[in-house]
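Input: a single structure, listed below in structure tokens.
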Amino acid sequence: MSIAITELSGVTKAALSGRLDTASVDKLEISFIAGIVPKGQNTIVDLSQVSFIASLGIRMLLSGARALSRQNATMVLYGASDAIMDIIETTALSAIIPVVPGEADALAAVAA
Amino acid sequence: MGEIEQTQIVTRARLVDLVGGDRLHSLELTAGSMVERRHVVTAMGVKIGRSEPSDVIIADSEISRSHCFVTLRGDELWVSDLNSTNGTFVDGVRVTGPTLLPVGSVLQVGKRTLKHEWRTRDEFEQSEEGDRDLLRAASYVRALLPAPRGDGPIRAEWVYQPSAKLGGDTFGYGQLNEHQFVAYLVDVAGHGAGAALHAVAITNQLRQRSLPNTDMARPELVLSTLNELFQMEDHDGLYFTIWYGVFDTRTRQLSYASGGHHPAYIVTPERDGAIPLKTRNVMIGAMPAMPFIQATVTVPSSACLYLFSDGVFEVVDSDGQEWGVEDFLKHMLDPPLPGLSEPQRLFEAVCRETGSRTFDDDFSLVAFHID
């Protein structure tokens with residue numbers, strides 16, 4: 001599991017890859033939260049290279065979204081595979097964090 | 001004065017000997033910062049693999065059935081790879097022959113790591129005390145589970161098999177009133193005593209059948225109230241998923257709501273399909289003031305309702321394939337086996353398919369036979 005955080009014209013981009021399981025979330029969560037929340041700006045999260053999300057992975061995304069929301073910033077997820085969309089739909093995570101198909105959609109969503 | 005100095009030296013030497021001789025080599029399977037399991041390595045050595053007959057069984061699709069062997073030679077640990085598919089690594093270096101595993105080094109197999117620790121018995125016992133606390137927590141959760149129901153128009157059987165690191169599963173059922181029967185299953189995100197304690201707090205609310213200002217016969221209201229009571233920011237970042245249903249024996253109507261949880265399933269006696277029961281609601285505690293919905297289904301005669309946690313199907317089979325719920329449903333539709341309860345039959349099927357009787361997450365499964 002790895003994370004790459006970059007900047008796209010005033011938007012934070014976090015690209016996750018691998019399995020977001022219990023063990024990897026323990027290692028990754030601090031980097032994820034510390035990489036996006038202090039910036040306090042709209043954030044898009046690339047899930048295209050994520051193969052699995054456990055409940056703690058959902059919690060990590062939720063924590064980030066809620067912390068950004070308190071700073072009037074938005075998080076949008078994109079690039080989820082069918083398997084990841086199944087998990088997102090089972091948990092109804094998309095009712096809290098918008099999920100869109102691609103990066104351009106994500107940038108448009110946070111700009112709206 | 002000289003005699004005193006000599007005595008002190010001897011005493012120190014004996015202390016060192018005592019400490020040294022009292023130490024145990026252990027391999028500690030970690031999950032992030034948590035130690036999930038400890039395995040003492042004795043002169044017999046330990047085989048690590050994905051399934052029996054390995055001594056240390058780790059459910060990971062990248063671990064071979066017999067992956068590597070760790071032996072104690074003198075006072076050192078050595079590891080040999082057993083022609084595993086993905087290799088064995090010591091501190092990131094692939095093992096190509098018998099390789100020393102120094103104290104403090106990290107053994108990597110598949111996606112999992114085991115650290116070599118050399119602990120005194122006191123240290124080990126302190127660590128074991130933490131494990132015993134988890135066992136006590138699991139025992140407490142188990143004590144709160146309802147007894148199986150062998151009589152009456154609604155019979156219930158279950159299997160609850162907590163994982164080594166203890167998840168946050170719990171469930172309950174019983175009469176809400178003369179005509180209504182309630183059933184629920186809760187799965188707190190995370191592991192350890194914290195998740196288990198949270199599950200206990202939730203189930204204690206539900207067992208009393210008395211959430212504030214809430215009609216317990218209306219699942220959407222129950223989930224809504226739980227969502228306000230258990231917001232994750234007020235509960236150490238913990239949220240949970242739930243399935244909650246109320247069956248009316250007069251109308252055979254089952255009202256239900258799931259919050260972030262996969263479906264429960266109804267299977268008819270013909271066993272020609274499983275009817276999923278799910279509503280699209282968010283996890284409980286994820287966000288305040290969320291709307292919740294419920295749905296209703298008529299339960300056919302002599303049907304079976306299966307309610308379970310994701311630990312039942314989020315497993316890796318002995319071929320290294322990661323399961324989804326569909327893989328589990330195939331087994332659910334198999335015919336019952338004489339002498340085995342439905343939950344036990346399914347537990348045995350999952351054990352057989354995974355080659356393991358221990359899992360990464362709690363295995364909780366309740367089956368209701370409804371006349």
Side-chain angles (χ1 to χ4, degrees), chain A residues 1-3 16-34 37 49-71 74-77 80-99, chain B residues 29-34 36 58-62 110-113 163 165 167-169 187-192 195 231-233 236-241 258-263 276 278-288 290-293 309-311 314 316 322 324-326 360-361:
Chain A
M1 188 76 216
S2 66
I3 180 172
L16 304 173
S17 66
R19 287 171 56 88
L20 263 181
D21 55 20
T22 303
S24 61
V25 169
D26 278 346
K27 293 176 186 167
L28 195 73
E29 187 164 18
I30 291 173
S31 304
F32 178 74
I33 298 297
V37 173
Q49 301 305 310
V50 174
S51 57
F52 175 74
I53 303 182
S55 56
L56 285 182
I58 297 288
R59 190 177 82 176
M60 182 183 89
L61 295 171
L62 268 175
S63 300
R66 290 185 66 155
L68 287 171
S69 175
R70 283 194 294 272
Q71 301 176 74
T74 302
M75 178 190 284
V76 174
L77 311 177
S81 65
D82 289 347
I84 296 299
M85 276 312 294
D86 278 350
I87 296 169
I88 287 172
E89 282 307 307
T90 295
T91 56
L93 180 66
S94 55
I96 299 172
I97 309 175
V99 184
Chain B
L29 181 68
T30 54
S33 55
M34 275 180 60
E36 186 180 313
I58 305 173
D60 182 324
S61 58
E62 294 179 17
K111 294 187 289 284
R112 305 304 303 273
T113 56
S163 68
K165 53 194 171 183
D169 284 8
D187 184 352
V188 177
H191 292 96
Q231 276 297 301
M232 60 190 288
E233 288 185 353
D236 197 28
L238 295 171
Y239 75 82
F240 61 96
T241 68
S258 54
H261 202 81
H262 56 269
K278 179 182 184 303
T279 58
R280 191 174 186 278
N281 293 313
V282 297
M283 305 78 74
I284 307 300
M287 186 69 78
M290 295 298 289
F292 288 87
I293 57 170
S309 61
D310 56 5
E314 286 184 354
V316 179
E322 292 181 13
V325 70
E326 296 297 326
D360 274 356
D361 201 357

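It should be emphasised that the depicted structure is a prediction, and the values quoted were computed from it without experimental measurement. Each chain gets a letter, A, B and so on, in the order the sequences are listed, and its residues count up from 1. Values below: all heavy atoms of this structure, side chains included; hydrogens, waters and symmetry mates excluded.
- Annotation: maximal heavy-atom pairing with chain B below 4.5 Å, among A:Ala54, A:Gly18, A:Ser55, occurs at A:Ser55.
- Of the listed residues B:His261, B:Met290, B:Met283, the one with more heavy-atom pairs under 4.5 angstrom with chain A than any other is B:Met283.
- The pair B:Glu62-A:Arg19 does not meet the salt-bridge criterion, since no charged nitrogen lies less than 4.0 angstrom from a carboxylate oxygen.
- By number of non-hydrogen pairs under 4.5 angstrom with chain B, the leading residue of A:Ser63, A:Ser94, A:Ala83 is A:Ser94.
- The side-chain contact (heavy atoms from CB on, under 4.5 Å) with A:Leu77 is formed by just one residue from the set A:Leu16, A:Val50, A:Val99, A:Ile84; it is A:Val99.
- Side-chain contact between A:Leu56 and A:Glu29 is absent, with no heavy-atom pair separated by less than 4.5 Å.
- The shortest side-chain heavy-atom distance between A:Leu68 and A:Thr74 does not fall under the 4.5 Å cut-off.
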> Does the side-chain contact (heavy atoms from CB on, under 4.5 Å) test come out yes or no for A:Met75 and A:Ser69, once each step is laid out?
Replying inline: CA-CA 8 Å; A:Met75 178 190 284; A:Ser69 175; over 6 Å; no

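- Contact annotation for A:Arg66: only side-chain heavy atoms (C-beta onward) come within less than 4.5 Å of a heavy atom of chain B.
- Residue contact with chain B, scored on non-hydrogen atoms closer than 4.5 Å, involves the backbone and the side chain of A:Glu89 alike.
- Of the residues considered (A:Leu62, A:Leu93, A:Asp86), A:Leu62 shows the highest number of contacts with chain B, using heavy-atom pairs under 4.5 Å.
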